[in-house]
Asks: 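Let me begin by handing over the structure; questions about it come next.
Nothing here was measured: the structure is a model prediction, and the numbers come from that model. Here is how names work: the chains are called A, B, and so on, in the same order as the sequence lines, proteins then strands, and each is numbered from 1.
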Amino acid sequence: MIELVRRLPFRPPLDPSNLYGHLAATAVPGVEEWADGAYRAVVPLPGGPSVVTVGLPEADAVPVRLVLGEAADEEEALRRVRRTFDLDADPLEVDAALAADPGLAPLVAAAPGRRVPGTVDPEAMVLRAVLGQQVSTAAARTHAARLVAALGAPLEAPDGGLTRVFPRAADLVAAPERVAEVVRMPASRLRTLLGVAAALADGVVDLAADPRVVRAALLALPGIGPWTADTVLMRALGDADAFLPGDLGVVAAARRLGLPDAPRALEVRSRAWSPYRAYAVQHLWATGEHAVNAVPA
DNA sequence: CACGATCCGGCTA
DNA sequence: TAGCCGTATCGTG
């Protein structure tokens, strides 16, 4: 067990509200938590499960504490934190691109440096995206927590609320009846969950591939539509241009702002925001009253 | 393209 | 506790 403390630099500005807010509000009990003003998560790495603790941003860096199984995992652990907190973004370029649209300019001005929350565990994010179809973020969190409790490998050294590793796709494939027992949702969505798990486990969906390839592979699976595929691109692959024109929150925000709110028309308008449409999603979501939009008190 | 089924969990009254 | 909504998807007409 190796403990390391690091500071990860970023290009200011960085708006922490939706970034930390989203990660905290959707934190899955057992594998993630918000504690003492920091986001904490279990990260499956080659040398074994690790724990990352990420505090609120300072002027130009984010404080990180790593507890690793092996020192060799440091680089990968830090890479995942950078991805999760979008620390490699160029906020001046992103903000300038979005603010060129008068419809988005006020949102950018109100929250410069807004980031796109990612994930420390891309494979888990794919499964969570399916669990999040059509249900509230709170309900999605409940479903994921049940999956973790039933199928997540226990940590040798539980740490606060962090007790398990999020189940691997192969774990679901190996125990489909157990998945059906604990995840109470429509039969079609259960089939989708198991189908996605199988596709991940056998390489039909390869998260290391080009985002366009991943998107096509996901859309080919029954029960995976544009929302789920593009959520995966945005959150798990870090595709800055992923867009969710049919998302309930995005549509509602567009309507409030006087933007086109029909998904098709909104997709057309969004082309002007390319290649930073994922940031537009964040700005649009942030116009609503939702738990994901604020760092917990 | 519009619309209903899915059939659950969270939240409100 | 009844009833509606929730950061969807698919099949039908």
Asks: Look up atom CD in Gln282(A) and atom CZ in Arg115(A), then write down how far apart they are to the nearest 0.5 Å.
Replies: 12.0 Å
Asks: Could you state the interatomic distance from CG (Leu155(A)) to OG1 (Thr163(A)), rounded to the nearest 0.5 Å?
Replies: 6.5 Å
Asks: Within this structure, what is the CD-to-C1' distance between Glu289(A) and dT12(B), rounded to whole angstrom?
Replies: 17 Å
Asks: Counting only side-chain nitrogens and oxygens, does Arg264(A) get under 4.0 Å of the OP1 or OP2 atom of dC1(B)?
Replies: yes
Asks: When the C1' atoms of dG9(B) and dC10(C) are compared, how many Å lie between them, rounded to an integer?
Replies: 22 Å
Asks: In whole Å, what separates the P atom of dC4(C) from that of dG4(B)?
Replies: 15 Å
Asks: Rounded to whole Å, how long is the line connecting atom CZ of Arg191(A) with atom C1' of dC10(C)?
Replies: 11 Å
Asks: CE of Met185(A) versus C1' of dG6(C): gap in Å, rounded?
Replies: 12 Å
Asks: Starting at OG1 of Thr287(A), measure out to CZ of Arg255(A) and round the result to the nearest 0.5 Å.
Replies: 11.5 Å
Asks: Closer to the 5' end of DNA chain C via nearest nucleotide, is it Leu221(A) or Leu244(A)?
Replies: Leu244(A)
Asks: Let's see if you can work this out: which of dC8(B), dG10(B), dA8(C) has an atom nearest to the side-chain heavy atoms of Thr228(A)?
Replies: dA8(C)
Asks: Are Arg189(A) and dC10(C) close enough that a side-chain N or O sits under 4.0 Å from OP1 or OP2?
Replies: no
Asks: Using atom CG of Leu248(A) as one end and atom P of dC4(C) as the other, report the distance to the nearest whole Å.
Replies: 17 Å
Asks: Select one nucleotide: of dT9(C), dC7(B), dA8(C), the one nearest the side-chain heavy atoms of Pro226(A).
Replies: dT9(C)
Asks: Classify Arg146(A) by what it touches in the nucleic acid, base, sugar-phosphate, or nothing, heavy-atom distance under 4.0 Å.
Replies: sugar-phosphate
Asks: Hey, does Val250(A) reach any base, or is it just sugar-phosphate, or nothing, if we go heavy atoms under 4.0 Å?
Replies: nothing
Asks: Run the ring-ring contact (aromatic ring centres under 6.0 Å, His included) test on Phe243(A) and Trp273(A) for me, step by step, so that the C-alpha distance in whole Å, both residues' side-chain angles and the decisive distance to 0.1 Å come before the verdict.
Replies: CA-CA 10 Å; Phe243(A) 192 57; Trp273(A) 311 332; 5.8 Å; yes
Asks: Could you measure the distance from the CZ atom of Arg128(A) to the NE2 atom of His143(A)? Nearest 0.5 Å is fine.
Replies: 13.0 Å
Asks: Could you go step by step and tell me if Phe85(A) and Phe10(A) meet the ring-ring contact (aromatic ring centres under 6.0 Å, His included) rule?
Replies: CA-CA 10 Å; Phe85(A) 289 82; Phe10(A) 58 82; over 10 Å; no
Asks: Whole Å only: how far is the CE atom of Met234(A) from the P atom of dA8(C)?
Replies: 12 Å
Asks: Reckon Ala187(A) touches a base, only the sugar-phosphate, or nothing at all at heavy-atom distances under 4.0 Å?
Replies: sugar-phosphate
Asks: May I ask you to list the residues of residues 121-137 of chain A, by number, that have any heavy atom positioned under 4.0 Å from an atom of DNA chain C?
Replies: Gln133(A), Gln134(A), Val135(A), Ser136(A), Thr137(A)
Asks: Taking CG from Leu190(A) and P from dA8(C), how many angstroms apart are they, rounded to a whole number?
Replies: 19 Å
Asks: Between Arg235(A) (side chain) and Pro117(A) (backbone), is there a donor-acceptor pair under 3.5 Å?
Replies: yes
Asks: dG9(B), dC1(B), dT6(B): which one has an atom nearest the side-chain heavy atoms of Pro186(A)?
Replies: dT6(B)
Asks: To the nearest Å, give me how far apart CG (Leu147(A)) and P (dC8(B)) are.
Replies: 18 Å
Asks: We want to know whether Thr119(A) and Asp121(A) form a side-chain donor-acceptor pair, criterion being a heavy-atom distance below 3.5 angstrom.
Replies: no
Asks: Just compare dC1(B), dG9(B), dC7(B) and give me whichever is closest to any side-chain atom of Thr142(A).
Replies: dG9(B)
